[in-house]
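Single-structure report; data block below.
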Amino acid sequence: ISISQASASDEDGKYEILVAGVRLETAVVNTGGQDRYQSFVNGKIQISSPGIHKVWLQPTLMPRDDVLFRLKNLGIKKAAD
(Lines give C-alpha, C1' and ligand atoms only; values in the text may rest on other atoms or scores of the structure.)
Protein backbone atom coordinates (compact mmCIF):
# COMPACT_ATOMS: atom_id res chain seq x y z
CA ILE A 1 0.00 0.00 0.00
CA SER A 2 1.35 3.42 -0.90
CA ILE A 3 0.06 6.90 -0.18
CA SER A 4 0.86 10.23 -1.77
CA GLN A 5 0.45 12.84 0.97
CA ALA A 6 1.40 16.41 1.87
CA SER A 7 1.89 17.94 5.30
CA ALA A 8 3.49 21.04 6.76
CA SER A 9 2.88 20.18 10.40
CA ASP A 10 5.81 20.09 12.80
CA GLU A 11 3.73 18.02 15.23
CA ASP A 12 3.50 14.25 15.14
CA GLY A 13 0.56 12.66 13.43
CA LYS A 14 -0.35 9.01 12.93
CA TYR A 15 -3.09 7.07 11.18
CA GLU A 16 -4.16 3.54 10.40
CA ILE A 17 -4.98 2.05 7.05
CA LEU A 18 -7.67 -0.60 7.46
CA VAL A 19 -8.51 -3.05 4.69
CA ALA A 20 -9.79 -6.63 4.72
CA GLY A 21 -9.59 -6.79 8.51
CA VAL A 22 -5.92 -5.78 8.56
CA ARG A 23 -4.61 -2.66 10.33
CA LEU A 24 -1.46 -0.95 9.18
CA GLU A 25 -0.33 1.95 11.40
CA THR A 26 1.90 4.63 9.93
CA ALA A 27 3.16 8.13 10.70
CA VAL A 28 2.56 11.30 8.73
CA VAL A 29 5.67 12.76 7.11
CA ASN A 30 6.25 16.52 6.95
CA THR A 31 6.79 17.13 3.23
CA GLY A 32 7.51 20.85 3.61
CA GLY A 33 4.11 22.17 2.55
CA GLN A 34 0.42 21.37 2.14
CA ASP A 35 0.93 21.37 -1.64
CA ARG A 36 4.20 19.37 -1.74
CA TYR A 37 3.06 15.79 -2.23
CA GLN A 38 5.38 12.84 -1.82
CA SER A 39 4.64 9.13 -2.20
CA PHE A 40 5.50 6.65 0.52
CA VAL A 41 5.18 2.87 0.73
CA ASN A 42 3.31 2.22 3.95
CA GLY A 43 3.62 -1.55 4.07
CA LYS A 44 2.22 -4.83 2.84
CA ILE A 45 -1.01 -6.60 3.64
CA GLN A 46 -2.45 -9.90 2.55
CA ILE A 47 -6.01 -10.08 1.29
CA SER A 48 -7.04 -13.70 1.41
CA SER A 49 -10.41 -13.51 -0.35
CA PRO A 50 -11.31 -11.93 -3.68
CA GLY A 51 -14.05 -9.34 -3.89
CA ILE A 52 -14.79 -5.75 -3.06
CA HIS A 53 -13.02 -4.41 0.02
CA LYS A 54 -13.38 -1.01 1.67
CA VAL A 55 -10.25 0.92 2.55
CA TRP A 56 -10.38 3.20 5.60
CA LEU A 57 -7.90 5.81 6.79
CA GLN A 58 -8.38 6.36 10.53
CA PRO A 59 -6.46 9.07 12.44
CA THR A 60 -4.86 7.79 15.66
CA LEU A 61 -2.82 10.89 16.64
CA MET A 62 -3.83 14.35 15.41
CA PRO A 63 -1.73 17.52 15.50
CA ARG A 64 -3.33 20.08 17.85
CA ASP A 65 -3.83 22.99 15.45
CA ASP A 66 -3.36 21.49 11.99
CA VAL A 67 -4.82 18.97 9.59
CA LEU A 68 -3.38 15.47 9.71
CA PHE A 69 -2.32 15.54 6.05
CA ARG A 70 -3.65 16.09 2.54
CA LEU A 71 -4.15 12.95 0.50
CA LYS A 72 -3.49 12.89 -3.24
CA ASN A 73 -3.84 9.18 -3.91
CA LEU A 74 -3.69 5.73 -2.40
CA GLY A 75 -2.26 2.81 -4.32
CA ILE A 76 -2.71 -0.90 -3.87
CA LYS A 77 -0.99 -3.32 -6.17
CA LYS A 78 -0.83 -7.06 -6.40
CA ALA A 79 2.38 -8.60 -5.16
CA ALA A 80 4.48 -10.54 -7.62
CA ASP A 81 3.76 -14.27 -7.58
Side-chain angles (χ1 to χ4, degrees):
I1 293 181
S2 64
I3 287 200
S4 180
Q5 59 109 78
S7 174
S9 180
D10 290 326
E11 295 184 40
D12 290 339
K14 293 183 180 182
Y15 62 98
E16 294 177 325
I17 302 169
L18 298 100
V19 60
V22 178
R23 293 176 184 266
L24 183 63
E25 187 170 29
T26 189
V28 175
V29 176
N30 182 333
T31 60
Q34 292 288 357
D35 60 348
R36 298 187 66 191
Y37 290 91
Q38 292 182 15
S39 294
F40 303 95
V41 175
N42 298 87
K44 296 180 181 182
I45 62 166
Q46 183 173 348
I47 299 175
S48 57
S49 62
I52 297 172
H53 298 278
K54 293 181 181 180
V55 177
W56 297 91
L57 300 179
Q58 178 70 43
T60 57
L61 178 63
M62 291 287 296
R64 280 187 303 243
D65 297 322
D66 207 348
V67 298
L68 184 59
F69 64 91
R70 294 184 188 270
L71 176 67
K72 188 173 187 178
N73 62 45
L74 180 142
I76 300 174
K77 70 177 188 177
K78 183 179 178 180
D81 293 330

Taking all atoms of both residues into account, what is the closest heavy-atom pair of Leu61 and Leu68, and its distance?
O-CD1, 3.5 Å
Looking at Arg64 and Glu11, what are the two nearest heavy atoms and their distance?
N-OE1, 3.0 Å
Tell me whether Phe69 is reachable from Met62 by hopping between hydrophobic residues (I, L, V, M, F, W, Y) whose side-chain heavy atoms are closer than 4.5 Å.
yes
Residue pair Ala8 / Gly33: nearest heavy atoms and the distance that separates them:
CB-CA, 3.8 Å
Hey, could you give me the CD/CD1 distance between Glu25 and Ile17, rounded to the nearest 0.5 Å?
10.5 Å
I'd like to know if Ile47 and Leu74 are part of one continuous hydrophobic network [Ile/Leu/Val/Met/Phe/Trp/Tyr, side-chain heavy atoms within less than 4.5 Å].
yes
Can you tell me how far OG of Ser7 sits from CD of Gln34, rounded to the nearest 0.5 angstrom?
5.5 Å
Between Thr60 (side chain) and Glu16 (backbone), is there a donor-acceptor pair under 3.5 Å?
no
Roughly how far, to the nearest 0.5 Å, is CG of Asp10 from CG of Asp66?
8.5 Å
Pairwise distance CG(Asn42) to CD1(Ile3) - rounded to 0.5 angstrom
5.0 Å
Could you state whether Val19 and Tyr15 fall into the same hydrophobic cluster, counting links through intermediate Ile, Leu, Val, Met, Phe, Trp or Tyr residues with side-chain heavy atoms under 4.5 angstrom apart?
yes
Between Pro59 and Leu57, which heavy-atom pair has the shortest distance, and what is it?
CD-O, 3.9 Å
Nearest atoms (heavy-atom pairs only) where Leu71 meets Asn73:
CD1-O, 3.4 Å
At what distance, to the nearest 0.5 angstrom, does CD of Gln38 lie from CD of Gln5?
8.0 Å
How many angstroms lie between atom NE2 of His53 and atom CG of Leu18, to the nearest 0.5 angstrom?
14.0 Å
Check Gly13 against Pro63 and note the closest heavy-atom contact, atom names and distance.
CA-CD, 4.5 Å
